[in-house]
Protein chains: 2
Amino acid sequence: MATSQTGAGDPKRSSELLWREFEPAQSRPGPKPRLTVEQIVAAAIALADREGLGAVNMRNVAAELDVGTMTLYRYVPGKGELLDLMVDAVSSPGEDEPDPAGMDWREVLEHIATGSLAFYGEHPWMLEVNQRRPVMGPGSLWSLDFALGAFDDHDVTDREAILIITAVWGIATGIALSYLIQDAPADQGGPVSTEEEWWEVQLPYLQRAMESGRYPRMARMEHEDAWNLTAEDAVRHALDAYLEGIAPRMEASRRRGARLRPE
Amino acid sequence: MATSQTGAGDPKRSSELLWREFEPAQSRPGPKPRLTVEQIVAAAIALADREGLGAVNMRNVAAELDVGTMTLYRYVPGKGELLDLMVDAVSSPGEDEPDPAGMDWREVLEHIATGSLAFYGEHPWMLEVNQRRPVMGPGSLWSLDFALGAFDDHDVTDREAILIITAVWGIATGIALSYLIQDAPADQGGPVSTEEEWWEVQLPYLQRAMESGRYPRMARMEHEDAWNLTAEDAVRHALDAYLEGIAPRMEASRRRGARLRPE
DNA sequence: TATTACTGGGTACAACGTACCCGATTAAGG
DNA sequence: CCTTAATCGGGTACGTTGTACCCAGTAATA
């Protein structure tokens, strides 16, 4: 296995591990484990944050924890499952997470979008993970529940809520993919060309392409400032327009003085 | 190199290959090449379409063409560059591509979004490629130029045009990532759990999670229809709302009776 | 015809995931 | 307290990848 896909392993083992907090450990014969799953996941995340997803291999994670490589397999069935655990762990709420109850729908959705950017800034390797199957662990469920908080005071169908959450998440992730993935530490090995070098080399080819007349609209662009956008600029624009688009519907669906009742 | 990243190789070699049509071959000593770069790229794309990105390795591509593995290295510096070429090749215009000149801004942007979905449906492996650096070849430039056609009749700044294109592209790609990547042929090897199996196994855990009271909003959802969304549904919703949001600006910027002049 | 650059592709190695194995350890039963 | 058996740490080794290196065959040029 070489690629980095979620849901690659045995779903039963993955689920057991994701929800491990639900079955407390019981006393068993044999030596005390030296590690915990949490330690392994934390080490793998630290490694990914620091050196990129390419550096996350079983040998490196084991070295990070100063244990033998094969020891990891006592705790985690394989690399695929470890990746699932990493994804769910970073999706879990932080210390200072606000409570969506009491926030306006706009605030919640904006918090999701800007929070996603900050999130991908901290964990750019998350943009490289192929979330082939949704990882449904405690952290991911929490994220979804948080997002649903946008509609606490509104009468929208479940379907509509999902559509809106999907759209906001899609905007944030789609744009983060364009702008942030390049900040992730790359697998080194080849000629470690910097961003400047990269463009410098391409420039003459692009120049000739522009002069070829095959890209008339591009050729007419002022290159200077148009491309100097940040992910924040792009998300702000897209989100503002999108929220403007759904605002009438949201305002129409607002319930009168309702609060989330934990019935 | 194990991961699938663009821009991984030598940028000079990549550019030369991307723009190979610009330097015509000249007569040289030595045997005639048995292959062309086009053939190799086409074989790799066919393989990726059919068996997934995981099946694209140098040995398989060579077997597809009935040549020795190392022969490929006569034409392509390495797998990273081959991936760049694949990405640019599938981004090139098809036979029946409409001309954005003469289309309304809405039509162009909608065509980009729905076209993207169809595109990812045909080449789901594109969702797995980490576009760490933009591949600036003939195909990608053409896509950009096409998108800029949305503004032929409008007075918008270059910056604004890029913002809008980025938003539409981000919406389509972000949503495709959620909905379509699961349709890509998976790297087989482990327990090849189907979609149903996957959910069946997770269900009891999710049930317990819902009963735990930690996800009150999720627990209150009607699961039946809310999750049965297609990528088309999600994109239509997001794009409609977004276009609604930028419509005032676009209408305000419309030029009077202007047409694209190939000056 | 001789030269020379280029072609096909076999061999081999390094990095990876992980199957398999063995000895050391420790809770539970007597 | 001692036996038993499950569990732990982790070394060895193999299969799969990308690709460096090499050599022999080939064809345009001089």
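A, B, ... follow the sequence lines: proteins, then strands. Residue 1 opens every chain.
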(message) Can you measure B:Lys79 atom NZ to D:dT19 atom C1' for me and round it to whole angstrom units?
(response) 12 Å
(message) Quick check for you: among D:dC22, D:dT17, D:dG9, whose closest atom lies nearest to any side-chain atom of B:Arg74?
(response) D:dC22
(request) Taking only Lys NZ, Arg NE, NH1 and NH2, and the carboxylate oxygens of Asp or Glu, determine whether A:Glu200 and B:Lys12 approach each other closer than 4.0 Å. (result) no
(message) Could you tell me if A:Arg132 and A:Gln5 have a donor-acceptor pair between their side chains, going purely by distance under 3.5 Å?
(response) yes
(message) Please confirm whether the shortest side-chain N or O distance from B:Thr71 to OP1 or OP2 of C:dG9 is below 4.0 Å.
(response) yes
(message) By the definition side-chain hydrogen bond (donor to acceptor under 3.5 Å, both in side chains), identify the one residue from A:Ser14, A:Ser140, A:Ser143 that meets it with A:Asp88.
(response) A:Ser140
(message) I'd like to check A:Leu17 versus A:Pro77 (side-chain heavy atoms, cut-off strictly below 4.5 Å). Are they in contact?
(response) yes
(request) Among C:dT7, D:dC8, D:dG18, find the nucleotide with the atom closest to the side chain of A:Tyr75. (result) D:dC8
Using a cutoff of under 3.5 Å, can you pull out all pairs of nitrogen or oxygen atoms linking the protein to nucleotides 27-30 of chain D, with atom names and distances?
from	atom 1	to	atom 2	distance (Å)
D:dA27	O4'	B:Gly30	O	3.3
D:dA28	O3'	B:Ser27	OG	3.1
D:dT29	OP1	B:Ser27	OG	2.8

(request) Determine the interplanar angle of the A:Trp125 and A:His123 rings, folded into 0 to 90°, and report it as parallel if under 30°, tilted if 30 to 60°, perpendicular if over 60°. (result) perpendicular
(message) Is there a side-chain contact between B:Tyr73 and the phosphate of C:dT7, meaning an N or O under 4.0 Å from OP1 or OP2?
(response) no
(request) Tell me which nucleotide among C:dC16, D:dC8, C:dC20 gets nearest to the side chain of A:Asn57. (result) C:dC16
(message) Using whole Å, what does the distance between atom P of nucleotide C:dC13 and atom CE of B:Met70 come to?
(response) 15 Å
(request) Please figure out whether A:Pro33 or B:Thr69 has its closest DNA chain D nucleotide nearer the 5' end. (result) A:Pro33
(request) Please work out if A:Val61 contacts a base, only the sugar-phosphate, or nothing of the nucleic acid, heavy-atom cut-off 4.0 Å. (result) nothing
(message) Closest-nucleotide mapping onto DNA chain C: is B:Val67 or A:Asn60 further toward the 5' terminus? I mean the 5' end.
(response) B:Val67
(request) Go through C:dG9, C:dT7, D:dC8 for me and flag the one nearest to the B:Arg34 side chain. (result) C:dG9
(request) For the residue pair A:Thr230 and A:Asp233, confirm or rule out a side-chain donor-acceptor distance under 3.5 Å. (result) yes
